[in-house]
> 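Structure below; questions to follow.
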Amino acid sequence: MNNQAAAIEVRSLAKFYGSHQVLHGVSLEVKAGEKIVICGPSGSGKSTLIRCLNKLEDHQGGTIRVLGTELNDDIENINEVRRDVGMVFQHFNLFPHLTVLENCVLAPMLVRKIDRKTAEEQAMAFLQRVKIPQKAKSYPGELSGGQQQRVAIARALCMKPEIMLFDEPTSALDPEMISEVLDVMIELAQGGMTMICVTHEMGFARKVADRVVFMDQGQIVEDGPPAEFFDNPKHERSKLFLSQILGH
Amino acid sequence: MKADLVMANDMFASPVHTRSFIETVRKDYFSTPVQALLTLICASVIVYVIWALVRWAFIDSIWSGTPEDCHAAAGACWAVVKDRYRLIMFGLYPYDEQWRSAIACLAVLATVILSCIPYFWSAKRLPVVWVVGYAVFYYLMKGGIFGLSVVLETQWGGLALTTFVFASTVIIGMPLAIVLALLRRSKLPVISALTALFIDGIRSLPLLSILFTAAIVLPYAMPDFLVGDKLYRVIMGAAVFFAVYQAEVIRSGIQSLPAGQEEASIALGLNYWQTVSRIILPQAFRFALPPTINQVVIAFMETSLIVILGFFEITASGNAAFSAGGWNSFYVEVYTFVALIYFVFTYSLSMYGSYLERSLRLMAR
């Protein structure tokens, strides 16, 4: 895929919960290799948007194309997209009944049909990259939050995804564990991964984001380079939001 | 963490350690005159009952002999068990062929025990265990091959029949329960509503009525080639009854899973069956383990209900054991023996349940 191809194309996306509309015509284009940070006040629809990108949520209007495939009701289609799109959750969602290593080899073996030996070698390599290979035989419950989130990142990477989605990856962590997870994410970004992160870590956004997308009330309010967004926000709502989270 | 635990332990443990046994007894049981009196009364009742039981069961008891010997003695007449154990264990199965029933019973037990070992918990291994175990049981009991004489299902009885009915109920009922639980969670409203109707419908009927229907009514309603022996229809009835209760147990286990588990699984690209079999069910069973063991124990006890349909399972063959040959007055001993057999089975099940709970807790702290 050439660098300018769109990895994700969202056109006038509308999403309802019952009769309540949470996304109002959201359009977003992400090129391969781009790193996008989505931020905004709670209830702005940013998590809903990112969850629509691998169809954890259905959308009711507009189109989503991921890696050239349009997300529709064809389940085979969606499973194909999910293989190539890794996701990291706020609450890690590691499988507590499996060891760290088993968490990492499960999907490559079942979905990519890789044999156990290759899958384990590859998993160990990724665990090495997130600096936690010594915990391969542990169960998730024995790990700290930061360690669990790093394992969750390794688990997603084991599928060799083309895009990584991060849904508030540090919001459930104790403050002292945030940086170990951000370090891993920064390294990943520097490796050229296409990344979409919902996060309030503005330092991270400034450092690695190509664009910051600010959402409020189900719409994209502002979309631009981080320097522009942080130093010279155009909209009142962006200014208010920034003053609230950077105010202290 | 460890240090904390040790400290907490010491805090609780130290006062107990400094108190001697005699001191403990005096403080807890003899602190006031009334308490002392109550303690003495209760203790003497307990001692008396235990002593009477021991004397009845072991000291004054007769271990072999005739009914007349037993009448002469004051204690338990274990001679009836010795004399009639073949009838109790094998029912009406032809006397000379009872070794087949014994091995068949062991085959069922082996099947049950192997099914309890985590190594066999896979879609490939479990069916192999079941098919082999059942083939051994069926051909040994029924005969007709390898020069074994044919013994019809109506002659099966005793412990072999009880274990067979129990194992079949659970082995057919458990997969059915999983299917029902999953169907009830279906996103398609028609399917989930119909499943709910089926589950709630069966649950509102007593087991006896279901067994009667399976044994007696069903043959009128079904084409002949589908009817099969009464035994298999009754097992199907018991299995469906087990399944609807167990389905709700499993469903409650699934509902105790955080929603993120299923999401994480499908986000990795696992399809529905992979998600269900690798992520959802293994965890749901952990949550639902205590009530599951409960259901299985109940299923074992309820095998005794098939007596009323003319089956000679172990309770019925126990009845037969003392109702002839002058043993009539020694039913307590026979029932004690039968109860002991039930106890061994259900107690092992409970022990297995708590072992499983402990080991699974270790796995997923």
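A, B, ... follow the sequence lines: proteins, then strands. Residue 1 opens every chain.
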> Please determine if B/R185 and B/E262 form a salt bridge, counting it only when a charged side-chain N lies under 4.0 Å from a carboxylate O.
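Looking at B/R185 and B/E262, the cut-off is met.
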> When you check the side-chain N and O atoms of A/Q149 and A/T170, is any donor under 3.5 Å from an acceptor?
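No donor-acceptor contact under 3.5 Å links the two side chains.
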> Salt bridge check, A/D183 against A/R150: does any charged N sit closer than 4.0 Å to a carboxylate O?
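Between A/D183 and A/R150 there is no salt bridge, as every charged N stays at least 4.0 Å from the carboxylate O atoms.
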> Hey, what do you get for CG (A/L157) to CD (A/Q122), rounding to the nearest 0.5 Å?
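The CD atom of A/Q122 is 9.5 Å from CG of A/L157, to the nearest 0.5 Å.
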> Is it the case that B/Y134 and B/S168 place a side-chain donor and acceptor less than 3.5 Å from each other?
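There is such a pair between these side chains.
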> Looking at A/E187 and A/K131, is any side-chain nitrogen of the basic one under 4.0 Å from a carboxylate oxygen of the acidic one?
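Counted as a salt bridge, because a side-chain N and a carboxylate O are separated by less than 4.0 Å.
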> Classify the angle between the aromatic ring planes of B/Y355 and B/Y352 as parallel (below 30°), tilted (30 to 60°) or perpendicular (above 60°).
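If you compare the ring of B/Y355 with that of B/Y352, the planes turn out tilted.
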> Strictly less than 4.5 Å between heavy atoms, which residues of residues 104-120 of chain A line up against chain B? Please order them by number.
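Only A/L106, A/A107, A/L110, A/V111, A/K113 of residues 104-120 of chain A have a heavy atom under 4.5 Å from chain B.
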> What part of A/V85 gets within 4.5 angstrom of chain B, counting heavy atoms only: side chain, backbone, both, or neither?
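Contact with chain B involves the backbone of A/V85 alone.
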> Please flag which part of A/L94 lies under 4.5 Å from any non-hydrogen atom of chain B: side chain, backbone, both or neither.
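Backbone only.
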> Has A/N103 got a side-chain atom pairing as donor or acceptor with A/T99's backbone, closer than 3.5 angstrom?
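Answer holds: yes.
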> Highest number of heavy-atom pairs under 4.5 Å with chain B: which of A/R155, A/H91, A/R83, A/M87?
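Top count of heavy-atom pairs under 4.5 Å with chain B: A/R155.
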> In terms of heavy-atom proximity below 4.5 Å to chain B, should A/F89 be classed as side chain, backbone, both, or neither?
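For A/F89, the contact with chain B is made by the side chain alone.
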